[in-house]
Each structure stands twice: as C-alpha cells, then as structure tokens.
Visitor: 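I'd like to ask some things about the structure below.
From a predicted model like this one, the values you see are computed outputs, not experimental measurements.
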There are 2 protein chains.
Amino acid sequence: MIDKLINTIKDDKDKWNQFQHILIEKNIASKTVLLHEGEISNNIFFIKSGCLREWFNKDGKDITFQFFFEGQPVASIDSFINREPSLFAIESIEPTTIITIEKADFENLLISFPELKMEFQNFIFQRFRNYGQLFLSRIKNSPKERYEELIKNHPEFIKRIPQHYIASFLGITPISLSRIRNRK
Amino acid sequence: MIDKLINTIKDDKDKWNQFQHILIEKNIASKTVLLHEGEISNNIFFIKSGCLREWFNKDGKDITFQFFFEGQPVASIDSFINREPSLFAIESIEPTTIITIEKADFENLLISFPELKMEFQNFIFQRFRNYGQLFLSRIKNSPKERYEELIKNHPEFIKRIPQHYIASFLGITPISLSRIRNRK
DNA sequence: GATGGACGATAACAATTGTTAATTAATTAT
DNA sequence: ATAATTAATTAACAATTGTTATCGTCCATC
C-alpha cells in the first residue's frame with residue numbers, strides 16, 4: 001500500500017512537491033512504543049522493514065493480539081479515525097523502519113487522491129474482516145489447534161516472533177505453549 | 001433500520017408502488033433454518049419479532065456465536081455481498097416474524113435511496129466492529145468473566161435464550177456453564 | 001394420561017491449562 | 001568479555017474444563 005501510495009504521488013510532479021514532506025521515515029529500536037494504550041492516535045504507520053505488535057494491558061500483563069510485517073499499514077483504526085483513546089498499544093518487536101503520516105496530512109492526501117481513499121477504505125474493511133476471522137478461529141479451535149493452524153498459515157510468525165508473544169496471541173501462557181510444542 | 005427503510009420508501013408514493021412488493025413478511029416456527037452453512041446468501045432479513053442465532057458446525061456439534069432480536073437486520077454479510085458460501089447458518093430460536101428482501105431487490109433499493117446505502121454501510125461497519133469487540137472479549141476474559149459480562153451487558157440474552165446456546169456462545173459446554181452458575 | 005424428546009443439573013474421571021518456582025539458555029547492556 | 005536481564009523449559013500442584021453417563025423436569029404430541 002505504501003509503494004502504491006508513493007508511486008501515485010510521484011506520478012504527479014506538483015503533488016509530489018506538495019506531499020513529499022509529509023512522509024516521515026523513522027528508524028526505531030526494538031521495543032519502541034509508537035502508540036500507548038489510551039492515547040489518541042495521530043499517525044498512521046507503514047512498515048518498510050521490521051515487525052510491530054498490537055497489545056493491551058490486562059491485570060498487569062500484556063496481551064498481544066496482532067502482528068504486522070513489512071509492507072503493511074498499521075494504525076489503531078478506531079482511534080485514528082474517530083479520535084478516541086486507543087484500546088491498545090503499538091510497539092516494535094524488532095528494529096524497524098517505518099514511514100509515518102500525520103492524521104491531518106493523511107486526510108489531505110486522501111482528498112487529493114480519491115483512488116487512495118478507496119484503497120484506505122478497503123484496508124479498513126479488511127482489518128475488520130480479519131478480526132472476524134480471528135474471532136471465529138478463537139471459538140472454533142483449542143489452543144493446540146490454533147498453534148497448528150498458525151504453523152500452517154503463518155510459519156513466518158513462529159520463525160520471527162518471540163515465543164511469549166505467540167503464546168499471548170494464542171491466548172495461553174508461555175508455559176502452556178512450551179508444553180504444546182514439546183508434547184508431540 | 002427496517003422502520004427507517006419502510007418510512008423512507010413510504011415517503012415517496014411512486015417508489016412505494018415500485019418497491020412495496022419486495023418486502024416479504026414471513027412467520028417462521030422455532031428452529032427454522034433461514035440460511036444453511038455453505039449456502040450462498042440471497043436474502044437479508046429484518047426481525048419484526050422473535051430471535052435468531054448464527055452458528056456453524058464443528059466436529060458434529062453446533063457452535064453458536066451470535067444472537068439477534070427484534071429490530072435488527074441479519075445477514076451472512078460476506079456471503080450476501082460477495083456471493084460466497086456462507087461460513088455459518090442462520091436459524092430461529094423462537095417463533096419469529098421476519099421481513100426478507102432479495103439481494104437484487106435490495107441492491108436496487110440502495111440505488112434508489114442513497115441514504116439507505118449509507119445506513120447499510122454503517123450496518124456493515126458496525127457488524128465488523130462487533131466482531132472486533134467479541135474477539136477482544138474472548139481474549140481478555142475467562143468463560144466465567146464472559147458470563148458475568150453477559151449478565152451485565154445483555155441480561156435479556158440469559159432470560160430468553162436456552163442455556164446450551166449461551167454456553168456455546170461463551171465457548172464452553174453446557175455442563176461447564178451449569179457449574180459456573182451454581183458455583184457462587 | 002402416557003410417551004418421547006429437549007433441556008438442565010450433577011457426578012466421576014480424564015485432559016488441559018494456570019500458577020509458582022527453579023533451572024538453563026539466550027540476549028542485551030556495560 | 002562479562003554481568004545483568006530476559007526468555008524458554010521443566011516440574012509439581014491447583015483449578016478449570018471436557019467427556020460420558022445418569023437423573024429429573026418440562027413440554028409437546030399422540
């Protein structure tokens with residue numbers, strides 16, 4: 001999406017001059033919090049390289065529920081769109097390079113490029129659809145089944161992401177995940 | 001939504017004549033399947049009275065994951081919009097009166113009434129948002145906590161819906177729900 | 001009124017997961 | 001490099017849930 005975005009802007013020289021500066025590239029260390037839980041999101045991020053997670057606090061523990069990799073746009077959608085406090089934090093797992101765009105800039109961008117607006121609406125739709133799928137997977141399967149599903153559908157998760165985040169993502173303790181892994 | 005829809009149509013006499021016939025009222029008995037799992041949805045329903053549930057089959061058991069009451073629109077959204085096989089069935093829990101509209105008719109309706117189109121897009125958005133909330137609730141809370149949350153937020157569910165559907169909705173067996181209920 | 005089916009409660013046992021704690025391995029910081 | 005921190009494994013025990021089966025109640029139908 002970010003490539004398409006950049007290419008779309010580049011195609012129009014005037015607009016490139018106008019919008020180039022709103023794309024801010026940042027290198028962040030591992031475990032950098034980009035958005036805190038409760039904060040109102042003012043930025044949308046695009047991952048150039050690295051990996052982010054979304055998590056929230058539950059009784060002092062953090063619960064991770066989503067991972068994002070290179071190429072993906074990341075935002076606390078509800079917070080970004082409706083200026084509500086974010087229900088969760090966004091944080092890096094690895095050293096990560098992102099492009100961030102401020103809300104106001106992003107909105108101007110969408111006004112100037114209707115095709116990007118469609119793209120963005122589609123992104124929102126997909127994000128919510130993804131929630132639906134995650135939800136059904138939670139209901140349908142046991143932790144063990146979900147782990148096996150994860151190996152099948154997202155082997156890159158297991159390779160790249162520390163195990164305790166995966167455990168959290170699966171809804172179990174790291175201890176339980178360790179048991180599942182060593183049971184077979 | 002259905003009231004607004006009917007009122008909107010009624011306001012325009014020509015259009016009322018044109019669209020009146022597409023609204024089909026049906027009385028259905030308890031446990032009537034309106035849409036089977038795997039079937040491509042060709043209708044959207046509006047509940048006048050009664051109660052529906054959405055469920056799918058998992059290893060021979062049925063798993064209920066949503067309830068709907070009077071006033072609510074119900075559809076297997078993905079299937080209805082994209083003509084894909086539905087991932088779940090829609091079935092009545094009580095004797096229920098519904099208004100059904102066929103996909104083609106509904107699409108024509110939305111073309112004639114842009115304000116209804118907005119309403120429908122909002123409905124879709126809310127449905128997906130609801131998935132998001134259900135998803136977070138599943139992650140965040142234990143079955144017991146989810147049951148207590150349900151009592152607090154939807155006491156009408158407990159009154160009206162047979163317990164084994166509630167258990168299924170909570171992600172536990174009816175036996176386990178019975179234990180939770182009698183533990184305190 | 002009798003019969004069968006659906007629903008809910010309960011019991012006994014197995015399987016799984018959570019909790020706490022100790023140990024080892026791996027990573028990060030100095 | 002070394003120390004300090006963080007992550008993963010294992011063990012022992014508690015708590016919860018699933019499974020199977022039995023029993024009683026309510027309701028519909030014959």
Visitor: Taking only residues two or more places apart in sequence, or in another chain, which ones meet B:His154 in a ring-ring contact (aromatic ring centres under 6.0 Å, His included)?
Guide: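 For B:His154, the residues satisfying ring-ring contact (aromatic ring centres under 6.0 Å, His included) (neighbours in sequence not counted) are B:Phe157.
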Visitor: Could you pull out all residues at least two apart from B:Tyr165 that satisfy ring-ring contact (aromatic ring centres under 6.0 Å, His included)?
Guide: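 With neighbours one apart ignored, the set is empty.
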Visitor: List the residues meeting ring-ring contact (aromatic ring centres under 6.0 Å, His included) with A:Phe65, not counting sequence neighbours, and say none if there are none.
Guide: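 If we apply the ring-ring contact (aromatic ring centres under 6.0 Å, His included) test to A:Phe65, skipping adjacent residues, the hits are A:Phe56, A:Phe88.
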Visitor: Below 3.5 Å is the cut-off: list the nitrogen or oxygen pairs between protein and nucleotides 6-8 of chain C, distance only.
Guide:
from  : atom 1 : to       : atom 2 : distance (Å)
C:dC7 : OP1    : B:Lys31  : NZ     : 3.4
C:dG8 : OP1    : B:Gln163 : N      : 2.7
C:dG8 : OP2    : B:Gln163 : N      : 3.3
C:dG8 : OP2    : B:His164 : N      : 3.1
C:dG8 : OP2    : B:His164 : ND1    : 3.0

Visitor: Between the side chains of A:Asn57 and A:Glu37, does any donor sit under 3.5 Å from an acceptor?
Guide: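 Distance-only check fails for A:Asn57 and A:Glu37.
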Visitor: Chain A on DNA chain D: first and last contacting nucleotide, 5' to 3', under 4.0 Å to a heavy atom?
Guide: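 In short, chain A contacts DNA chain D from D:dT6 to D:dA12.
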Visitor: Just jot down the ring-ring contact (aromatic ring centres under 6.0 Å, His included) partners of B:Phe169, sequence neighbours excluded, or say none.
Guide: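 B:Phe169: ring-ring contact (aromatic ring centres under 6.0 Å, His included) contacts with B:Phe67.
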Visitor: Base, sugar-phosphate, or nothing: which does B:Leu177 touch, judged by heavy atoms less than 4.0 Å apart?
Guide: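 Touches nothing.
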Visitor: Could I get the full list of side chain to side chain donor-acceptor pair (under 3.5 Å) partners for B:Ser41, not counting sequence neighbours?
Guide: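 None.
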Visitor: Quantified as the angle between the terminal helix axes (five pairs each), what is the overall bend of the helix from C:dG1-D:dC30 to C:dT30-D:dA1 to 10 degrees?
Guide: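 Helix axis angle between the two ends: 50°.
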Visitor: Write out all pairs satisfying side-chain hydrogen bond (donor to acceptor under 3.5 Å, both in side chains) with one or both partners inside residues 110-120 of chain A, taking only residues at least two apart or from two chains.
Guide: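 Residue pairs with at least one partner in residues 110-120 of chain A: A:Lys4-A:Glu119.
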Visitor: Go through the structure and list residues passing salt bridge (Lys or Arg N to Asp or Glu O under 4.0 Å) with A:Lys15, not counting sequence neighbours.
Guide: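 A:Lys15 satisfies salt bridge (Lys or Arg N to Asp or Glu O under 4.0 Å) with no other residue.
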Visitor: Could you pull out every donor-acceptor pair under 3.5 Å between side chains of residues 19-27 of chain A and any protein atom, sequence neighbours left out?
Guide:
from    : atom 1 : to      : atom 2 : distance (Å)
A:His21 : ND1    : A:Gln18 : O      : 3.1
A:Glu25 : OE1    : A:Lys48 : NZ     : 3.3
A:Asn27 : OD1    : A:Thr97 : OG1    : 2.7

Visitor: According to side-chain contact (heavy atoms from CB on, under 4.5 Å), who are the partners of B:Ser168, at least two apart in sequence or on a separate chain?
Guide: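 B:Ser168: side-chain contact (heavy atoms from CB on, under 4.5 Å) contacts with B:Ile63, B:Thr64.
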